Amino acid sequence: MVYHSTLNEEPARIVGGCSLLPLRVTTKAKGPAMCTLPADKIDIVEETLNYFKANMLYRNFEPQGGADRVLIFLTLFTQQCLKRLEKAASREDAVRIVMALAQERFDIPGDAGFLFNAFYPKPATSAEAESLRTYLKQLREELGVRLAERACSMSADGKPSKHWLIFRQKEVSRKVFGGLNYGTVFTLASMRAKIFLSLLSTLEGLL
C-alpha cells in the first residue's frame, strides 16, 4: 500500500499547501522549522526516508493534507540526491555532494518552473513564499545529510549502497511513486482541463 504521512492532522501553519512542521531536536540544519520534537520522534524528513522505497513502487499518490505535499516534495528531492550520490567515494563525500545540491536554487509552489502548481496553492504573499522557500531549504539540507548517512552505513566500503542507488536509475526515475512522474501527471491534468474547456465551449455554442 502507498504510505501517507502520519502528520497530516498535526496542527501546523500551512503555506503553499505545505505544512510547516517541526523537526527533531537532533536537526543541525538552520531554518524556520522549530526543532522541538524528541530525538526518538518521527518527523517529516524521517517519514520521507522510511517510506521512499515503498512509495516509489506505487502508481498513484493523492495528497491527503499539507504533510503529504511536503512528503512529495522531499521524495523527489531524495531521488535527485541519489542521482548525485552515484560518484560519492565516502560518507564525507556523500554529505558534501548532497549539501551542495541542497544549496542550489529550486522552485516552490507559485514559481513558473514548479511542475505541480496545479496541485499546490500559491503562497498568498511574497513573505509567505520566502518563508516556504527557507523552510524547504532547511528540510533539503537535513534530508540530504540523513540520506547520506543511511545510504553509506549499509556498505562495507563507506560508499552509498546499491540498495539506495538503484532508485536513481532512469527506468525508475520515470516512475515517481511507481507510475507516471509528476511532470507527466501535471501535463495530463493540463490536457484534460483544455479538453474539458473545449467541450464546454462547443456545448455553449450549440445551446
Side-chain angles (χ1 to χ4, degrees), residues 3 5-8 10-53 55 63 65-111 113-114 116 120 123 126-154 158-161 164-165 167-168:
Y3 287 91
S5 174
T6 62
L7 305 173
N8 279 315
E10 290 292 317
R13 181 186 175 199
I14 304 293
V15 178
C18 299
S19 297
L20 306 192
L21 298 159
L23 297 175
R24 300 190 313 199
V25 293
T26 53
T27 297
K28 296 181 180 179
K30 296 181 180 180
M34 295 184 294
C35 303
T36 56
L37 296 180
D40 60 347
K41 181 74 172 178
I42 299 295
D43 60 15
I44 190 63
V45 170
E46 203 69 10
E47 278 195 333
T48 301
L49 295 175
N50 288 346
Y51 301 159
F52 175 76
K53 295 178 182 179
N55 278 345
D68 270 351
R69 289 188 176 88
V70 178
L71 184 72
I72 292 171
F73 180 92
L74 292 179
T75 296
L76 298 179
F77 177 67
T78 300
Q79 192 180 46
Q80 286 182 309
C81 287
L82 292 174
K83 291 177 182 178
R84 299 283 184 95
L85 287 177
E86 181 179 8
K87 298 181 179 180
S90 64
R91 175 192 173 280
E92 292 73 20
D93 193 28
V95 170
R96 178 187 61 78
I97 290 172
V98 295
M99 284 299 289
L101 175 59
Q103 302 301 316
E104 292 181 7
R105 187 194 177 282
F106 60 94
D107 292 315
I108 65 170
D111 287 345
F114 190 69
F116 325 130
Y120 286 66
S126 58
E128 281 197 354
E130 185 57 31
S131 178
L132 178 60
R133 190 183 305 277
T134 305
Y135 172 72
L136 293 176
K137 180 175 180 290
Q138 180 182 5
L139 296 190
R140 281 160 58 100
E141 293 176 3
E142 182 63 20
L143 184 142
V145 172
R146 294 192 204 177
L147 172 62
E149 292 175 347
R150 282 199 187 199
C152 294
S153 67
M154 297 177 64
K159 296 180 179 180
S161 167
W164 278 95
L165 291 183
F167 289 96
R168 94 225 179 272

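Note that the structure is a prediction, hence the values are computed from the model and not measured. Count residues from 1 along the sequence.
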query: Stepwise, does the side-chain contact (heavy atoms from CB on, under 4.5 Å) test hold for N50 with R150?
result: CA-CA 10 Å; N50 288 346; R150 282 199 187 199; 2.7 Å; yes
query: Hey, does the side chain of E10 reach the backbone of L21 with a donor-acceptor pair shorter than 3.5 angstrom?
result: no
- line: Minimal heavy-atom distance between P32 and T134, with the atoms involved, is CD-CG2, 3.5 Å
message: Take a 6.0 Å sphere around CE of M34 and say whether it holds more than 12 heavy atoms from other residues, nucleotides or ligands.
response: no
- request: Determine the interplanar angle of the F114 and F73 rings, folded into 0 to 90°, and report it as parallel if under 30°, tilted if 30 to 60°, perpendicular if over 60°.
  value: parallel
task: For D68, check salt bridge (Lys or Arg N to Asp or Glu O under 4.0 Å) against everything at least two apart and list the hits.
output: none
- request: Work out which heavy atom in P109 is nearest to a heavy atom in G16; give both atom names and the distance.
  value: CG-O, 3.8 Å
task: Look at the side chain of S5 and the backbone N and O of L7, then say whether any donor-acceptor pair between them is shorter than 3.5 Å.
output: yes
message: So does I44 get a backbone contact from the side chain of T48, meaning a donor-acceptor N/O pair under 3.5 Å?
response: yes
task: Could you tell me whether the side chain of E47 and the main chain of T6 form a donor-acceptor pair under 3.5 Å?
output: yes
Closest non-hydrogen atom pair, R24 against P38: CG-O, 3.9 Å
- prompt: Taking R140 for the side chain and L101 for the main chain, is one N or O donor matched with an acceptor at less than 3.5 Å?
  reply: yes
query: Of all heavy-atom pairs between D93 and K87, which one has the smallest distance, and what is that distance?
result: OD2-O, 3.9 Å
task: I would like to know whether M99 and V145 meet side-chain contact (heavy atoms from CB on, under 4.5 Å); could you show each step before the answer?
output: CA-CA 7 Å; M99 284 299 289; V145 172; 3.8 Å; yes
statement: Across all chains, not counting sequence neighbours, the ring pair (Phe, Tyr, Trp, His ring centres under 6.0 Å) partners of Y135 are none
query: Are there more than 12 heavy atoms of other residues, nucleotides or ligands under 6.0 Å from atom NZ of K41?
result: no
- line: When rounded to the nearest 0.5 Å, the distance separating OG of S126 from CZ of R133 is 11.0 Å
message: Tell me if the CZ atom of F106 is crowded by more than 12 foreign heavy atoms within 6.0 Å.
response: yes
query: Sub-3.5 Å donor-acceptor pair from the side chain of Y120 to the main-chain atoms of R69, do we have one?
result: yes
- request: Enter the distance from I72:CD1 to C18:SG here, rounded to the nearest 0.5 Å.
  value: 9.0 Å
query: Of the non-hydrogen atoms in M154 and S161, which two are nearest, and what is the gap between them?
result: CB-CB, 3.7 Å
task: Check the pair L132, L20 against side-chain contact (heavy atoms from CB on, under 4.5 Å), reporting the backbone distance first and the verdict last.
output: CA-CA 8 Å; L132 178 60; L20 306 192; 4.1 Å; yes
task: Report the distance from atom CD of E128 to atom CD1 of I14, rounding to the nearest 0.5 Å.
output: 10.5 Å
message: Would you compute the distance between atom CD of Q138 and atom SG of C35 and round it to the nearest 0.5 angstrom?
response: 5.5 Å
- line: CG of L49 to CG of L143, rounded to nearest 0.5 Å, is 4.5 Å
message: I want to check something: taking the side chain as every heavy atom from C-beta on, are E46 and L37 in contact at a cut-off of under 4.5 Å?
response: no
query: Could you give the distance from CG (L147) to SG (C152), rounded to the nearest 0.5 Å?
result: 8.5 Å
message: Going by the rule salt bridge (Lys or Arg N to Asp or Glu O under 4.0 Å), which residues pair with K137 if we only count those two or more places apart in sequence or in a different chain?
response: E141
query: So which heavy atom on P22 is nearest to which on D43, and how close?
result: O-CB, 4.0 Å
